[in-house]
Protein chains: 2
Amino acid sequence: MGTTDTKTRILDAAQCLIQSRGINGMSYQDLSESVGIRKASIHHHFPSKLDMLNALLQRYQHEFADTVDAIVQSKITGKSKLKRYCALFQGTLATGEDGKTCLCGMMIAEIASLDDSGVQKIRQFVRTNTQQIVAMIESGMADGSLATQKSPKAVAELVLATLEGGLMVARSSGGPQQFDSIVNQLISLLTR
Amino acid sequence: MGTTDTKTRILDAAQCLIQSRGINGMSYQDLSESVGIRKASIHHHFPSKLDMLNALLQRYQHEFADTVDAIVQSKITGKSKLKRYCALFQGTLATGEDGKTCLCGMMIAEIASLDDSGVQKIRQFVRTNTQQIVAMIESGMADGSLATQKSPKAVAELVLATLEGGLMVARSSGGPQQFDSIVNQLISLLTR
DNA sequence: CGAAAACTACCAATTAGTAGGTAGAAATGG
DNA sequence: CCATTTCTACCTACTAATTGGTAGTTTTCG
């Protein structure tokens with residue numbers, strides 16, 4: 001039927017709640033109410049909260065990496081790739097009533113609440129994204145759409161930091177509009 | 001002399017705990033153990049947790065603004081001011097065993113756990129910092145140490161976002177070294 | 001049937017917060 | 001000057017609610 005897999009619905013609800021309230025701001029009780037099944041049933045699918053967080057991180061990480069890979073592989077200028085990449089983050093902020101953050105950005109803030117396996121997944125996310133941004137920058141350097149930089153890796157780290165931080169700052173004050181302004185400024189600095 | 005005010009010691013402990021674990025990762029019990037007085041005594045100084053968070057935000061905001069003002073007023077190039085400003089954030093990350101974040105950055109992540117008064121203080125922090133960065137940039141444009149930009153405000157927002165995000169990203173993976181690299185790249189982009 | 005998925009009904013631990021008491025310093029007032 | 005009161009800072013001991021998690025039972029469905 002129209003019913004999505006319960007496990008998926010739980011992860012969806014968890015992701016939404018965490019993106020706006022944080023790991024420790026979301027409880028199994030919240031999930032229960034949000035999904036519409038009892039708390040114990042959530043435990044049936046994800047025995048412990050750490051299990052759930054890890055499953056969530058895994059899903060997010062893979063989905064995100066695939067989406068970005070499609071951008072990296074596409075036949076457009078490096079600058080356009082970078083713009084589309086930034087648009088992914090813009091989408092996150094725009095979605096939902098209150099401003100939401102990158103799941104991984106939020107989890108980094110509360111990284112002390114994760115287990116080793118979770119921390120590793122966060123590191124993997126950062127590593128993968130950095131490499132993918134490097135690929136976009138190199139592509140842009142090759143086609144002339146981005147200004148040549150000595151260290152693409154340092155630029156990539158800067159881009160990721162700016163996007164993660166931009167989500168945070170924008171959600172506290174200026175909203176999507178401010179985030180757009182930050183992104184435009186970033187792209188502009190990398191263009192000349 | 002040797003004894004610091006208890007209220008101050010509580011705020012110090014709270015700030016340290018929040019910077020590494022987050023608002024919801026710190027309890028009055030944690031504070032009790034950290035400060036060395038009973039939990040009820042913490043309530044004597046700060047009746048509710050929200051009271052404490054607001055007091056903490058107020059203190060942090062004023063201290064930080066004063067420190068930055070001293071930098072803005074100093075007789076050095078705009079670029080040097082910006083470097084010193086970034087160094088404030090670098091100091092935060094280096095302090096403490098585990099990587100700590102900007103108090104406000106952490107609180108933005110968990111902004112849903114604050115009351116209206118707290119949210120306003122966060123907004124004030126962002127606004128003040130942005131204005132102060134604008135002042136540094138304009139100073140740098142005037143003395144030629146920074147490249148002229150159309151919109152100093154947009155650049156300032158980018159700088160703040162990069163620093164806040166840089167703290168997050170660096171604490172998950174590369175540590176102070178990675179943060180330094182990001183800062184250098186940022187300054188470099190604003191120089192040419 | 002039989003397994004997966006849901007349920008009811010718990011539990012122990014922790015949470016923020018309260019009630020009420022004590023020791024000592026500071027203010028008050030005859 | 002001394003006795004009383006008041007205030008501050010802390011304490012022990014509690015509460016009500018919520019937390020993550022478990023045990024065992026029923027429902028659903030291929």
Side-chain angles (χ1 to χ4, degrees), chain A residues 1-18 20-57 59 106-107 109-119, chain B residues 1-18 20-57 59 106-107 109-119:
Chain A
M1 326 297 158
T3 54
T4 326
D5 180 29
T6 302
K7 222 160 184 163
T8 302
R9 271 166 50 222
I10 295 173
L11 289 181
D12 290 345
Q15 178 166 339
C16 180
L17 283 170
I18 292 176
S20 52
R21 295 192 216 160
I23 295 175
N24 296 315
M26 174 222 61
S27 70
Y28 266 47
Q29 187 56 43
D30 294 330
L31 280 180
S32 161
E33 284 156 21
S34 181
V35 176
I37 62 177
R38 299 293 165 185
K39 193 165 66 78
S41 307
I42 313 271
H43 279 284
H44 169 72
H45 293 280
F46 303 101
S48 81
K49 196 172 178 177
L50 286 172
D51 289 331
M52 209 211 59
L53 294 176
N54 276 299
L56 187 54
L57 271 172
R59 187 183 75 159
M106 185 63 97
M107 291 223 188
E110 298 179 292
I111 202 167
S113 302
L114 298 177
D115 57 8
D116 285 353
S117 160
V119 174
Chain B
M1 289 290 290
T3 52
T4 324
D5 181 29
T6 303
K7 222 159 184 164
T8 303
R9 272 167 49 223
I10 295 173
L11 288 181
D12 290 345
Q15 178 167 339
C16 181
L17 284 170
I18 291 176
S20 53
R21 295 192 216 159
I23 296 176
N24 296 315
M26 173 222 61
S27 71
Y28 266 47
Q29 187 56 43
D30 294 329
L31 280 180
S32 161
E33 283 155 23
S34 182
V35 175
I37 62 177
R38 299 294 166 186
K39 192 167 65 75
S41 307
I42 314 271
H43 278 286
H44 167 72
H45 293 282
F46 302 102
S48 81
K49 196 171 179 178
L50 286 173
D51 289 330
M52 212 213 57
L53 293 176
N54 276 301
L56 187 53
L57 272 173
R59 188 184 75 159
M106 186 62 97
M107 292 225 188
E110 297 179 291
I111 203 167
S113 302
L114 298 177
D115 57 8
D116 285 351
S117 160
V119 173

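Small disclaimer: the values here were computed from a predicted structure and weren't measured. Every chain is numbered from 1, with letters handed out A, B, ... down the list of sequences. Every heavy atom of this structure was used, including side-chain atoms; hydrogens, water molecules and symmetry mates were not.
Protein atom CD1 of B:Ile42 is 9 Å distant from nucleotide atom P of D:dC10, rounded to whole Å. As a whole-Å value, the separation of A:Asp51 CG from D:dG21 P is 8 Å. B:Arg38 has its CZ atom 6 Å from the P atom of D:dC11, to the nearest Å. If you measure from atom CG of B:Leu31 to atom P of D:dC10, you get 14 Å, rounded to the nearest angstrom. Between the P atom of D:dT28 and the NE2 atom of A:His44 lies a distance of 15 Å, rounded to the nearest Å. As a whole-Å value, the separation of B:Gln29 CD from D:dA17 C1' is 17 Å. Atom P of nucleotide D:dC11 and atom CD of B:Glu33 are separated by 13 Å, given to the nearest angstrom.
Nearest heavy atoms, A:Val35 versus A:Arg9: O-NH2, 3.1 Å. For B:Phe46 against B:Ala55, the heavy-atom pair with the smallest separation is CE2-CB, 3.8 Å.
Taking every side-chain heavy atom of A:Lys49 into account, D:dG20 is the closest of D:dG20, D:dT19, D:dC10.
Distances shorter than 4.0 Å separate some side-chain N or O of B:Thr6 from OP1 or OP2 on D:dC10. Look at B:Ser41 and you won't find any side-chain N or O under 4.0 angstrom from OP1 or OP2 of D:dA9.
Inter-residue side-chain proximity for A:Asp30 and A:Arg21 is flagged as met; some heavy-atom pair is nearer than 4.5 Å. For the pair B:Ile23 and B:Met107, the minimum side-chain heavy-atom distance is below 4.5 Å. Residues A:Leu11 and A:Thr8 have side chains not in contact (no heavy-atom distance under 4.5 Å, counting atoms from C-beta outward). Between B:Asp12 and B:Arg59 the shortest side-chain heavy-atom distance falls below 4.5 Å. Between A:Asp115 and A:Leu53, every side-chain heavy-atom pair lies at or beyond the 4.5 Å cut-off.
Interface limits on DNA chain C: the 5'-most and 3'-most nucleotides within less than 4.0 Å of chain A heavy atoms are C:dA5 to C:dA9.
Note on A:Met52: nothing from the nucleic acid sits closer than 4.0 angstrom, heavy atoms only.
Taking CG of B:Asn24 as the start and OG of B:Ser113 as the end, the distance is 3.5 Å to the nearest 0.5 Å.
Around CZ of B:Arg38, the count of heavy atoms belonging to other residues, nucleotides or ligands within 6.0 Å does not exceed 12.
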Summarise protein proximity over nucleotides 22-27 of chain D in one line of letters, 5' to 3': B for base, S for sugar-phosphate only, - for none, counting protein heavy atoms closer than 4.0 Å.
BB----

